[in-house]
Amino acid sequence: MKQIMNMVNAINNALDIKLAEDDRVIVYGEDVGVEGGVFRVTEGLQKKYGAERVFDSPLAESGIAGTAVGMAVAGLKPVIEMQFSGFANPAFNQVVSHVSRMRNRSRGKYSTGMVIRMPYGGGINALEHHSESLEAIWAHIPGLKVVIPSTPHDAKGLLISAIESDDPIWFMEPKRIYRAIKQEVETEKFTVPIGKAKVIQEGTDVTIVAYGAMIREVQKASVLAKKEGISVEIIDLRTIYPIDKETIVDSVKKTGRIITVHEAIRTFGVGAEINASITEEAFLYLEAPPKRVTGFDIIVPLPKNEPHFMVTPEKIFYEIVRTVKF
Amino acid sequence: MKQIMNMVNAINNALDIKLAEDDRVIVYGEDVGVEGGVFRVTEGLQKKYGAERVFDSPLAESGIAGTAVGMAVAGLKPVIEMQFSGFANPAFNQVVSHVSRMRNRSRGKYSTGMVIRMPYGGGINALEHHSESLEAIWAHIPGLKVVIPSTPHDAKGLLISAIESDDPIWFMEPKRIYRAIKQEVETEKFTVPIGKAKVIQEGTDVTIVAYGAMIREVQKASVLAKKEGISVEIIDLRTIYPIDKETIVDSVKKTGRIITVHEAIRTFGVGAEINASITEEAFLYLEAPPKRVTGFDIIVPLPKNEPHFMVTPEKIFYEIVRTVKF
Amino acid sequence: MIFKEYDPIKKKMFQVIDNDGKVINPKYMPEISDELVLKAYKDMLFARTSDLMILSYQRQGRIFTYPPNYGQEAISGAVAQVMRKEDWLVPAFREMGAYLAKGASLKEIFLYFMGYEDGVNFKNAENFLPYSVPIASQLPHAVGIGYEIKYKKKDQIVFTFVGDGGTSEGDFHEALNFAGVWNAPVIFIVQNNQYGISTPFKVQTASEGIAIKSYAYGIKGIQVDGNDFFAMYKAVKESHESARRGEGPVLIEAITYRRGPHTTSDDPTKYRLNAEEEAWAEKDPLKRLKAWLIDRELYDEETEQKLIEDYKKEIDRQFIEAENYGPVPIEDIFKYTYADMPEDLKQQMVEYQKFLQWKEARGL
Amino acid sequence: MIFKEYDPIKKKMFQVIDNDGKVINPKYMPEISDELVLKAYKDMLFARTSDLMILSYQRQGRIFTYPPNYGQEAISGAVAQVMRKEDWLVPAFREMGAYLAKGASLKEIFLYFMGYEDGVNFKNAENFLPYSVPIASQLPHAVGIGYEIKYKKKDQIVFTFVGDGGTSEGDFHEALNFAGVWNAPVIFIVQNNQYGISTPFKVQTASEGIAIKSYAYGIKGIQVDGNDFFAMYKAVKESHESARRGEGPVLIEAITYRRGPHTTSDDPTKYRLNAEEEAWAEKDPLKRLKAWLIDRELYDEETEQKLIEDYKKEIDRQFIEAENYGPVPIEDIFKYTYADMPEDLKQQMVEYQKFLQWKEARGL
Ligand SMILES: Cc1ncc(C[n+]2csc(CCOP(=O)(O)OP(=O)(O)O)c2C)c(N)n1
Ligand SMILES: Cc1ncc(C[n+]2csc(CCOP(=O)(O)OP(=O)(O)O)c2C)c(N)n1
Ligand SMILES: [Mg+2]
Ligand SMILES: [Mg+2]
């Protein structure tokens with residue numbers, strides 16, 4: 001059966017399905033229990049599964065991640081929430097030193113399969129630290145996989161895959177589109193594979209690689225481009241690490257041009273890796289330099305000036321034109 | 001006057017000079033006082049300047065970085081040590097949320113000019129977490145600058161610049177060459193500018209960008225290459241952020257080829273940014289795809305298998321040959 | 001003196017007046033002039049009136065997320081009467097009375113919550129850090145400042161704030177521990193308002209309150225009725241004197257209740273009962289202090305109504321000033337990231353200007 | 001019982017025997033058979049002999065950095081006699097006796113410090129995590145395991161270790177706080193050996209020892225003479241029973257002294273005095289327990305010499321086995337990073353093999 005869902009509903013639905021079918025699944029974090037999370041993503045789950053399986057933790061992110069390591073090692077499947085991605089920072093040491101390394105350290109004896117989910121990104125008129133996009137940092141940590149969905153459907157399917165994975169998954173939810181995109185989504189269980197990008201629009205002139213809330217902006221930019229006779233191929237990356245290079249390379253071999261788009265700051269961002277590795281693998285096919293449309297290398301401004309920072313369809317279109325005319 | 005120094009001596013000398021001339025300079029961290037640091041970098045300084053200015057802190061990296069924020073805001077110049085770069089991880093939140101942001105948050109009213117120095121990198125037969133190279137992560141944080149010297153001379157000059165900078169500087173010391181390279185260094189005060197790379201060997205066939213302990217390996221590789229008639233230009237990056245693109249672009253315009261070399265893991269590493277941005281700026285000059293010689297995307301192995309992980313002259317030479325023959 | 005008698009191990013909360021404003025602990029009634037009490041009450045009333053106005057601005061969509069102080073005003077109200085110009089204030093984000101006392105203008109406070117960074121570059125407030133959003137992460141800053149004060153042998157004290165939820169963070173521990181080791185002149189004020197967003201205090205810790213945690217750091221600690229202005233004033237005053245004498249840090253746990261929502265985007269009915277809210281209304285800090293004032297014939301309802309009217313006008317005036325602040329230059333988003341701006345970033349700024357021109361030219 | 005009498009607030013350290021092995025606190029002499037005491041002593045002697053051998057291997061360049069237990073053996077020695085197969089052990093890195101008790105072989109211990117990851121994949125030890133190097137970061141793991149035990153209603157207890165330096169870290173705080181809130185069956189053992197590398201305990205905290213910090217978390221705490229086997233045994237045993245009864249976590253502060261260097265690369269003469277070392281030699285745990293055993297005629301010097309000879313042979317045998325472990329496959333450095341290895345990483349492995357062939361072919 002299908003149902004209209006936004007991303008919040010879809011994630012809630014995925015958690016519901018996994019909580020129901022696997023008693024090892026434990027959901028916790030700040031305010032996720034009684035209140036159901038500040039974005040209501042976990043709403044109703046404590047009532048349904050009890051406070052032993054869905055509950056509020058003390059306000060301490062390192063403690064949340066660190067206790068999840070213990071739970072996972074003992075055989076549970078923690079799905080923890082960081083209230084905002086900017087507040088995952090205190091958990092950095094636990095994630096880098098243990099979540100991502102326990103399997104390697106113990107030569108496979110202990111695994112820390114778990115999901116660390118959090119809302120991320122700007123565009124919601126938020127206070128400082130509520131708008132960052134730090135995916136490049138987490139993607140640089142061996143042992144971790146980083147997933148970012150762009151639709152309710154993918155959010156559900158990817159989250160179920162993440163919970164079923166034996167690897168720890170850093171699951172970033174573009175909160176700006178939590179409720180902005182609605183879609184018919186299967187209510188039964190299904191999965192979307194981790195590590196596979198998706199060509200969501202075919203085109204011939206330029207490949208655009210993006211993810212999360214940027215997909216919508218890229219789609220709008222491609223409409224602008226179309227009016228100028230430029231045909232854009234759009235790839236939704238979906239997994240930041242491991243990167244599905246094959247899908248991107250195939251596309252670039254066809255279009256000869258690539259632009260990576262992300263809201264995160266530019267330098268040492270995801271675009272650097274995508275463009276560098278595509279240049280390595282498809283050098284002879286490139287007709288123009290791989291480009292990036294990204295946030296500036298600054299701290300995300302407070303709401304009054306945040307619009308300058310945000311990647312807009314116009315900014316993307318601007319780069320499309322320049323790349324195609326190169 | 002000049003004196004033979006290794007990097008440990010040179011850093012100690014830089015601290016000595018700044019402690020002597022500026023009473024705002026405060027040096028602290030784990031075991032830096034009485035013992036003079038586990039690598040003896042701060043040896044003798046407590047005796048000379050007293051325990052109020054050079055001292056041991058409690059074992060808590062977030063506390064060390066966080067108190068340094070307060071000191072800087074109040075007008076001091078903290079130069080703090082993280083005992084190993086892998087143990088800077090607990091300070092991540094303080095660095096991302098405050099060290100790098102206080103100036104912007106307060107619209108320039110408060111600055112957090114400080115130096116956070118630490119030994120980093122592998123190759124010394126160390127325990128787990130003692131061998132990481134996480135520079136790409138810190139370089140991705142707006143508000144922070146990241147410096148890595150490759151010689152005693154540069155270590156001294158860069159550290160003095162760092163202490164005199166009003167920006168917070170993440171100062172990474174390649175511990176593998178702490179004592180391995182000796183050099184005549186001026187004992188008086190001098191500076192080496194932050195943000196400037198240096199062409200340390202001119203060549204015509206390929207540009208190699210590297211830094212820290214890798215410079216020595218690249219030099220050895222260039223000797224192997226020379227035997228094959230390949231002329232290598234070597235750029236010592238010295239500052240990871242901001243990147244001195246001008247120096248690199250100028251070089252690549254001449255050689256047409258670039259290989260970035262670092263010990264850190266490959267994906268989302270420094271090489272991605274260098275290669276991506278050079279491709280953007282020098283696309284039409286490129287005769288071969290920009291390449292990377294780096295660590296694998298794994299956790300640095302314990303000593304028995306660490307040699308496989310390390311970037312060697314042979315690995316670099318291998319890539320030089322492939323790139324030149326592309 | 002109070003630190004001995006109210007040693008946290010004894011599990012006694014320090015109180016001076018009861019819910020009706022009657023002095024129940026005359027021994028510890030602070031020596032404080034009637035004028036100062038009246039001023040304190042007015043400060044608290046001003047803060048509360050501002051809060052209420054902000055809630056209505058927020059409903060009109062004229063300001064973004066804001067964390068109200070409603071019910072907690074006596075804590076900042078007491079600090080406001082003790083804190084000196086030279087003292088430092090290292091805030092969290094729910095201490096309006098302390099900000100105003102430090103020299104922040106309401107207009108600046110509004111600016112911040114309208115989304116302007118300029119709102120925390122307090123023009124007339126020295127030694128006052130911007131609000132700190134990552135919970136508890138400001139506490140080590142206070143300790144670093146305390147170190148500077150000792151090192152430079154200054155006569156200054158640092159006030160810093162955190163919530164009950166914040167005490168669970170590692171930074172709370174590291175800050176108090178460093179402060180103890182360094183014997184730093186820092187007064188840590190925990191506003192224990194019973195909730196961290198929706199999370200009740202009992203989920204934060206199994207300890208008997210927060211004051212007892214001072215034992216973990218070898219520092220002074222005291223649990224105070226945070227809704228009792230006199231008790232708070234006395235505790236803050238004695239802490240201030242103690243710290244000035246070089247006796248090191250103090251941990252004050254102020255027991256209070258967040259009568260409003262966590263922020264303007266929060267709905268407390270999701271997680272707490274009416275009955276609880278009503279019980280705490282009895283202990284409201286303004287109500288109690290007002291009763292004391294009225295009892296001493298220093299104040300009356302009429303004055304209050306008049307004050308509120310005046311305050312509302314003043315608040316609205318400042319709000320409208322903030323609303324008319326206008327755009328700030330685009331350079332502002334770039335220029336404060338570094339003291340010495342990297343070439344690359346300059347380039348990005350230039351490129352952005354080019355893009356804006358192009359966009360305009362294209363009529364996009 | 002001991003938890004009341006030795007409530008940390010009373011500042012009394014729990015002791016059973018004195019420096020000469022005389023029972024000074026018969027009331028709390030644990031009920032423990034002579035055989036078990038003798039076994040414990042032998043365990044401690046084995047650990048000490050191993051440590052000494054390792055120091056000499058290290059001087060011969062046959063093993064890398066290693067953190068000796070010298071002087072702290074009674075702590076692990078006591079845990080070893082209480083910990084059951086089903087209990088969990090979440091170690092730091094200075095608890096050899098506990099590792100051996102859990103089923104680790106000396107050979108495995110050697111392997112790790114020779115630079116083999118295989119050395120912490122303990123083949124015969126269930127419920128035993130690898131050593132944890134980032135100080136105090138292992139403590140939350142213990143609490144998470146404790147949660148699982150409660151959730152699954154298992155009869156298990158978690159033992160976890162940390163040093164005095166480690167108590168300064170935020171993770172220490174967060175772990176003990178979570179444990180308190182969750183009432184998790186975790187026994188936290190702080191080996192307060194007076195130093196964190198060169199940093200003396202008084203630089204770590206201004207609190208009166210560590211046990212008192214239990215107050216900050218509303219959990220049981222006790223300060224124990226960590227060089228007194230009987231006191232340690234009693235404290236661990238009662239903690240174990242208490243936790244099994246569902247009474248939650250316990251914080252045991254074991255007062256001891258690191259008689260050797262921090263690790264084999266450390267030189268303690270840089271930062272501490274001979275006199276101090278000699279004073280602690282008087283309190284040596286083996287010396288004290290041996291005196292007790294000799295006094296009861298359960299043991300003598302001759303037996304000891306014989307044992308040490310045997311142990312040395314056994315240790316050397318295992319050391320040589322470890323030395324002959326040989327190379328591990330190159331795949332091993334790649335294959336444990338992920339359960340599901342990314343394409344990219346497979347590619348890197350293949351590329352590396354190609355490179356090795358090329359290198360060989362070129363004679364490099
Ligand atoms: C490190 C961090 N984690 C999470 C948050 C999100 N958050 C904002 S306020 C808050 C609750 C704070 O509770 P408390 O410390 O009691 O202060 P109060 O809001 O009650 O004044 C949380 C979880 C944050 N700002 N920082
Ligand atoms: C997070 C972190 N910071 C620093 C270090 C380096 N280091 C290793 S052992 C040690 C001292 C530990 O002292 P303590 O906790 O007292 O344990 P002990 O070594 O005395 O057993 C330090 C600082 C580390 N391993 N981890
Ligand atoms: Mg609160
Ligand atoms: Mg110690």
Side-chain angles (χ1 to χ4, degrees), chain C residues 7-11 134-137 139-140 143 146 162 164-184 186 188 190 196 199-221 223 246-251 253, chain D residues 7-11 134-137 139-140 143 146 162 164-184 186 188 190 196 199-221 223 246-251 253:
Chain C
D7 185 326
I9 209 75
K10 298 182 188 163
K11 300 180 193 170
I135 300 295
S137 60
L139 303 176
V143 181
V162 70
D164 48 315
T167 65
S168 298
E169 289 280 4
D171 272 354
F172 171 84
H173 175 72
E174 298 191 13
L176 272 81
N177 195 46
F178 272 68
V181 174
W182 291 354
N183 201 42
V186 180
F188 297 93
V190 178
T199 306
F201 181 57
K202 70 172 194 303
V203 169
Q204 294 299 344
T205 184
S207 79
E208 307 246 12
I210 299 301
I212 188 75
K213 293 178 192 268
S214 57
Y215 271 87
Y217 311 106
I219 67 173
K220 289 181 184 172
Q223 190 181 64
E247 291 171 23
V250 182
L251 171 62
E253 178 187 14
Chain D
D7 185 328
I9 208 75
K10 298 182 187 163
K11 301 179 193 171
I135 300 295
S137 61
L139 302 176
V143 181
V162 70
D164 47 316
T167 66
S168 298
E169 289 280 5
D171 272 353
F172 171 83
H173 175 72
E174 298 191 14
L176 273 80
N177 196 46
F178 272 68
V181 174
W182 292 354
N183 201 42
V186 180
F188 297 93
V190 178
T199 306
F201 180 57
K202 70 171 193 303
V203 169
Q204 295 298 345
T205 184
S207 79
E208 307 248 11
I210 299 299
I212 187 75
K213 293 179 194 268
S214 57
Y215 271 87
Y217 311 107
I219 67 174
K220 289 181 184 172
Q223 188 180 66
E247 293 170 21
V250 183
L251 171 61
E253 177 187 16

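Here is the naming used below: chain letters follow the sequence lines, and residue numbers restart at 1 for every chain.
For residues 202-215 of chain D, the pairs satisfying salt bridge (charged side-chain N to carboxylate O under 4.0 Å, His left out) are K11(D)-E208(D), with sequence neighbours left out.
The parts of E169(D) that come within reach of chain C are both its backbone and its side chain, each placing non-hydrogen atoms under 4.5 angstrom from that chain.
Chain D forms the most heavy-atom pairs under 4.5 Å with one residue out of N177(C), L176(C), T167(C), and that residue is N177(C). Between chain D and the residues I210(C), N183(C), V203(C), the most heavy-atom pairs under 4.5 angstrom are made by V203(C). Comparing A175(D), S207(D), G218(D) by how many heavy-atom pairs each has under 4.5 Å with chain C, the most go to S207(D).
Taking every heavy atom of both residues into account, I219(D) and G180(D) meet most closely at CG2-CA, 3.7 Å.
F178(D) pairs by the ring pair (Phe, Tyr, Trp, His ring centres under 6.0 Å) definition with W182(D), not counting sequence neighbours.
For the pair Y215(D) and D7(D), the minimum side-chain heavy-atom distance is below 4.5 Å.
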